[in-house]
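This report concerns only the one structure given below.
Since this is a predicted model, take the numbers as computed values, not measurements.
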Amino acid sequence: MTNLSLQAVKKAFGPVEVLHGIDLEIAAGEFVVFVGPSGCGKSTMLRLIAGLEEITSGTLEIGGEIANSLPPAERGIAMVFQSYALYPHMTVYDNMAFGLKISGMAKPEIDQRVRRAADMLQLTPYLDRHPKKLSGGQRQRVAIGRAVTRDPKVFLFDEPLSNLDAALRVATRIEIANLKEAMPDATMVYVTHDQVEAMTLADRIVVFNDGHIEQVGTPLELYTQPANLFVARFIGSPAMNIIPFDVLKGGDRPALLIKGVSETVVSLGPDDKICAGGTGYLGIRPEHLRVARDGDMALEGAVLVSERLGELTNIHLDIGQDDPLIIKVPGMIAPRRGEKMKVTFDRENIHLFEAEGLAV
Ligand SMILES: Nc1ncnc2c1ncn2[C@@H]1O[C@H](COP(=O)(O)OP(=O)(O)OP(=O)(O)O)[C@@H](O)[C@H]1O
Ligand SMILES: [Mg+2]
């Protein structure tokens with residue numbers, strides 16, 4: 001069982017610093033997912049852990065030992081990339097066995113490891129095939145199998161499923177979930193742009209932004225208690241609606257005023273905190289909005305577009321703000337462009353943020 005500890009880790013390429021002092025503890029056996037916009041430093045972070053890039057300053061500990069200058073081969077880490085890079089002239093079996101053969105491992109031990117990995121990843125029927133006769137998902141499983149045979153203490157995955165089509169992604173995602181169950185002692189760090197992968201695979205998610213960490217938490221913590229506007233917008237699909245408001249002073253209960261097509265007053269409970277300043281942002285997820293009934297507190301607008309996805313429809317509503325309000329409704333109701341709608345929400349589902357973006 002191996003834990004990872006990053007303390008004030010910085011990485012610069014020449015004069016350009018791309019990681020600005022990362023502090024992160026990853027427990028032994030934990031499955032941690034890195035998410036964040038393109039270019040925010042996720043792959044660089046993995047490459048530092050693997051030893052493929054040198055840390056500029058700070059400390060990396062692997063299993064309690066300082067590993068800043070430990071050669072990659074001595075770190076007990078296997079990395080799986082987006083491109084699976086299998087040897088085309090070798091069978092699946094030989095692709096998985098190759099690294100072990102080179103390291104001089106005895107044949108029976110190699111055979112046992114390859115068969116165990118193949119079994120774990122449902123690859124046993126394909127051991128004699130060549131990669132070109134496999135689907136993309138099967139090839140990626142071979143690449144994962146190759147990592148498994150090395151019996152690493154830590155697995156690093158850099159967007160391993162992003163080259164696969166939708167159905168294969170789902171199937172291979174399940175294989176990865178199974179792999180995690182089969183290897184509970186292995187520590188896994190997994191980079192993805194896919195919300196479903198992040199939410200379903202992670203014990204904890206780390207949200208990166210521009211070379212620093214915005215928040216670390218379980219998937220549900222990030223969904224229910226985003227620490228700031230960045231995380232609020234980043235976790236969830238479609239993204240949380242963010243609506244500016246003015247604090248209404250003077251009444252006996254705190255209230256928010258949303259100006260738009262209509263002026264909407266959102267009253268809060270006596271104990272609810274509002275913002276320190278006179279303005280802030282109200283966050284409400286598309287799935288927490290619904291069509292209002294007469295008498296409900298409501299936001300009013302005109303339909304811009306309805307996206308029918310089969311089991312649900314995303315309606316984009318112009319409520320007189322910069323961004324349209326997105327409402328996720330079950331089924332295939334599809335109001336026409338221009339149709340007027342009133343939507344409402346329950347107070348317990350709102351998120352409040354200070355004008356500077358921190359959660360209240
Ligand atoms: N070898 C390098 N030399 C110079 N700059 C680099 C190098 N590798 C990465 N960078 C820069 O470091 C930043 C972080 O890159 P990184 O590949 O870690 O991003 P990422 O979060 O993995 O993005 P993506 O989601 O697109 O894969 C980017 O601005 C990138 O241009
Ligand atoms: Mg990357």
Original post:
Got a sec, which residues hit side chain to side chain donor-acceptor pair (under 3.5 Å) with T264, two or more places apart in sequence or on another chain?
Top reply: S262
Is it true that [Y] and [X] share a donor-acceptor pair across their side chains at a distance under 3.5 Å?
X	Y	value
N228	E214	yes
T59	E61	no
H316	E307	yes
Y190	E159	no
D246	T279	no

Subject >> Electrostatic pair E30-R204, nearest N-O below 4.0 angstrom >> reply: yes
Counting distance only, does the side-chain N/O of [X] pair as donor-acceptor with the main-chain N or O of [Y] below 3.5 Å?
X	Y	value
R75	L70	yes
D111	K107	no
E65	I62	no
D158	S43	no
T313	G331	yes
R150	I77	yes
D318	A302	no

Original post:
Are R139 and Y126 in a cation-pi contact, defined as NZ or CZ under 6.0 Å from the six-membered ring centre and within 45° of the axis?
Top reply: no
Original post:
Could K180 and F31 be counted as a cation-pi pair, given that NZ or CZ must be under 6.0 Å from the ring centre and within 45° of the axis?
Top reply: yes
Original post:
For the residue pair I242 and A232, what are the closest heavy atoms and their distance?
Top reply: CD1-CB, 4.4 Å
Original post:
Only one of M45, K42, K10, E53 forms a side-chain contact (heavy atoms from CB on, under 4.5 Å) with L19, so which one is it?
Top reply: M45
Original post:
Under a single-linkage rule joining Ile, Leu, Val, Met, Phe, Trp and Tyr whose side-chain heavy atoms are separated by less than 4.5 Å, which residues share a cluster with F98?
Top reply: Y87, M90, I102
**OP:** First locate atom OG1 of T192, then atom CD of Q195, and finally report the distance between them rounded to the nearest 0.5 Å.
**Re:** 9.0 Å
